[in-house]
Protein chains: 2
Amino acid sequence: MATMLEVAKRAGVSKATVSRVLSGNGYVSQETKDRVFEAIAESGYRPNLLARNLATSSTQTLGLVVTNTLYHGVYFSELLSHAARMTEDRGRQLILADGKHSADEERAAIQYLLDLRCDAIIIYPRFLSVEEMDEIVEQHQQPIMVLNRRLRRHASHCVWSDHKASSQAAVEKLIALGHRDIAFITGSLDSPTGVERLSGYRSALAQHDIALRDELIVEGKWTPETGARGVETLLARDASFSSLVASNDDMAIGAIRQLHLRGIRVPQQVSVIGFDDIALAPYTVPSLSSVKIPVTAMIQETINRLIFMLDGGEFNVQQTFPGELCLRESVTAGPRA
Amino acid sequence: MATMLEVAKRAGVSKATVSRVLSGNGYVSQETKDRVFEAIAESGYRPNLLARNLATSSTQTLGLVVTNTLYHGVYFSELLSHAARMTEDRGRQLILADGKHSADEERAAIQYLLDLRCDAIIIYPRFLSVEEMDEIVEQHQQPIMVLNRRLRRHASHCVWSDHKASSQAAVEKLIALGHRDIAFITGSLDSPTGVERLSGYRSALAQHDIALRDELIVEGKWTPETGARGVETLLARDASFSSLVASNDDMAIGAIRQLHLRGIRVPQQVSVIGFDDIALAPYTVPSLSSVKIPVTAMIQETINRLIFMLDGGEFNVQQTFPGELCLRESVTAGPRA
DNA sequence: TTGTATGCGTTATCAC
DNA sequence: GTGATAACGCATACAA
């Protein structure tokens with residue numbers, strides 16, 4: 001490929017001059033400018049970003065680490081498309097690295113983005129602990145923001161949603177409607193989000209003096225398949241329930257499907273609530289209520305903070321985003337209302 | 001950040017030696033190796049990939065250009081997750097660039113990846129013409145593969161699915177089942193895929209001497225909303241139909257939803273077929289039949305070819321992937337069968 | 001307004 | 001086995 005030197009020769013100037021007209025820094029006469037642009041066009045010159053970034057020690061990129069397991073479904077698409085659009089609106093490029101299926105791979109993905117010298121990094125952790133995230137934040141001079149975790153020492157470097165509170169609110173809403181037999185499908189219990197949502201369910205019951213019945217709780221793994229299987233398990237246990245809370249929308253979708261197959265009508269016989277994002281739900285599963293996590297706003301805030309830090313700013317505020325309970329036809333009054 | 005030079009000093013050796021132990025090229029005694037590793041650990045040294053890539057003029061990355069409009073839905077997630085996994089299986093990293101909403105932005109995205117010196121590039125074009133793609137392929141020495149287009153001059157640099165044939169086959173299946181009044185919702189007609197699918201519909205009707213009725217064709221824009229609106233338009237036209245082909249699954253989903261709302265039963269009164277990917281459909285819209293495009297296999301082949309080319313290989317074969325018609329409960333015999 | 005020289009952090013080709 | 005040293009392509013401080 002044509003390099004800057006070739007352009008310079010062709011235009012009869014020095015590399016430095018070419019660099020000046022390209023960057024706009026420094027004075028250069030209109031006529032040499034013209035000659036340079038001509039030479040660029042003729043030679044098909046294209047800047048080598050590796051060299052430029054090395055020289056300026058700045059890449060104009062934000063790195064994003066997400067785990068492969070999140071790749072499926074609407075939630076991920078939303079996350080990614082918003083992140084990409086917002087970074088580019090700020091004149092930068094988003095670079096995605098796959099956290100795959102383990103803590104080691106998640107670490108490797110972060111390291112890769114750091115080695116690439118991304119200006120700043122966004123991490124949506126799945127396997128790494130809050131402790132480790134806190135360490136990572138302090139060990140690197142690049143600004144780092146963590147999504148969906150509440151860091152202890154660097155609370156201003158994260159943006160999260162209080163899953164326990166949202167879950168509790170959802171269950172309390174069901175209770176207010178008269179439901180007493182509320183089944184619950186958990187997410188993976190090695191994930192904080194999964195644990196928090198279950199914990200919210202427990203709190204809500206305790207708050208209203210409803211006994212916790214183990215046979216109404218079944219463990220899922222976030223996928224529609226496990227949601228469907230969860231329903232099967234509940235039915236096999238012969239546990240009767242008038243409503244069902246699934247720890248995310250994918251599982252809720254699988255659960256609803258399975259209820260249908262078993263001839264149980266939603267919402268007439270069982271009300272269902274999920275979590276995360278119901279963007280597509282109006283068309284796919286109209287009977288699905290959901291606690292909507294405001295991904296867009298969270299990404300927005302994250303990127304704002306990173307850019308602000310890149311400009312030398314400092315933060316001392318925490319920010320949390322409440323999930324919004326969106327009830328639809330799927331939630332009706334409980335049997336005793 | 002610590003550089004190689006600092007590591008060298010700390011270990012009492014030269015940069016060259018450090019480079020050797022890191023790359024594994026060249027002989028170096030075990031004891032100096034140990035000293036170097038120790039120095040690396042102490043200093044928290046991390047290689048600067050910008051510098052390394054500049055020096056080796058190779059980045060070990062594949063670039064992928066996709067348009068933002070594709071970002072929504074399962075099809076995109078599948079595409080991306082498979083592409084990422086396969087590139088990483090081959091020891092490389094996938095870098096994503098957003099083609100956004102116009103030809104110019106699509107060009108810019110390609111250019112960006114080229115400027116970043118990606119080793120090879122995959123383009124899933126949306127706005128650029130086949131002509132321009134052909135030019136791009138020949139103007140650059142990096143291996144380039146184009147997905148979902150049939151290039152003229154560089155037929156071995158693309159992998160595509162014959163949308164016209166798939167569409168025709170789907171419609172012919174409906175005809176074989178006895179359907180005669182077959183409605184059709186197109187995709188965006190500025191996209192080749194949209195045009196081809198419509199064309200397949202026309203051919204099928206012509207083939208079986210069924211008159212083309214304009215009132216049965218309505219234009220959509222790939223989204224569930226336009227699918228729903230398409231149904232509204234058809235109903236407003238008072239055009240009766242026993243089956244409906246939507247040019248992708250998203251529109252089919254929107255259409256089915258709208259049919260439900262209007263009290264029209266699927267599939268008892270109207271059979272529906274969509275296109276693309278029904279991976280999630282079993283849980284969301286069990287009544288949706290679909291022509292499944294084998295994204296996974298296509299990505300697989302694409303990446304295989306790129307890696308082969310990077311190793312100096314040459315191709316002269318074309319490859320097309322037939323869409324697979326997956327019929328479900330949603331397709332029944334037509335009224336006259 | 002322009003050119004020269006140096007540095008960015010590596011790799012790689014020589015010598016020793 | 002190891003150490004200088006020249007690339008890699010660009011930016012920039014300093015001269016001119």
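Just so it is clear: chains get the letters A, B, ... in the order the sequence lines come, proteins before strands, and each one is counted from 1.
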query: What nucleic acid atoms does A:Val13 come within less than 4.0 Å of, heavy atoms only: base, sugar-phosphate, or nothing?
result: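 Result for A:Val13 = sugar-phosphate.
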Presence of [X] side-chain N/O under 4.0 Å of [N] phosphate oxygens OP1/OP2:
| X | N | result |
| --- | --- | --- |
| B:Thr56 | C:dT11 | no |
| B:Arg52 | C:dT11 | yes |
| A:Ser29 | C:dT2 | yes |
| B:Thr3 | C:dG9 | no |
| B:Tyr27 | D:dG3 | no |
| B:Thr32 | D:dT2 | yes |
| B:Ser19 | C:dT10 | no |

In whole Å, I'd like the distance from the [atom1] atom of [X] to the [atom2] atom of [N].
| X | N | atom1 | atom2 | answer |
| --- | --- | --- | --- | --- |
| B:Ile40 | C:dT10 | CD1 | C1' | 13 Å |
| A:Leu49 | D:dC10 | CG | P | 9 Å |
| A:Lys15 | D:dA11 | NZ | C1' | 9 Å |
| B:Met4 | D:dA4 | CE | C1' | 14 Å |
| A:Arg20 | C:dT4 | CZ | C1' | 10 Å |
| A:Leu54 | D:dT12 | CG | C1' | 14 Å |
| A:Asn48 | C:dC8 | CG | P | 18 Å |
| B:Asn53 | C:dA12 | CG | C1' | 15 Å |

- request: Would you check if there is a donor-acceptor pair between the side chains of B:Thr59 and B:Asp119 at a distance under 3.5 Å?
  value: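 Yes - a donor-acceptor pair under 3.5 Å links their side chains.
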task: From the options C:dT4, D:dG3, D:dC10, select the nucleotide whose nearest atom is closest to the side chain of B:Ser14.
output: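 Nearest to the side-chain atoms of B:Ser14, counting from C-beta on, is D:dG3.
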- prompt: Is it the case that more than 12 heavy atoms not belonging to B:Arg152 sit under 6.0 Å from its CZ atom?
  reply: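 At most 12 heavy atoms, drawn from other residues, nucleotides or ligands, come within 6.0 Å of this atom.
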query: Looking only at atom types and distance, does a side-chain atom of A:Arg35 sit under 3.5 Å from a main-chain N or O of A:Ala11, one as donor and one as acceptor?
result: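 Yes: the side chain of A:Arg35 pairs with the backbone of A:Ala11.
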- prompt: Is there a donor-acceptor pair closer than 3.5 Å between any side-chain N or O of A:Asp115 and the backbone N or O of B:Leu49?
  reply: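 Absent.
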message: Among B:Asn148, B:Asp190, B:Thr67, exactly one meets side-chain hydrogen bond (donor to acceptor under 3.5 Å, both in side chains) together with B:Arg126. Which residue is that?
response: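 Output: one option passes, namely B:Asp190.
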- prompt: Could one point to a donor on the side chain of A:Arg117 or the base of C:dG9 with an acceptor on the other under 3.5 Å away?
  reply: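 No pair found.
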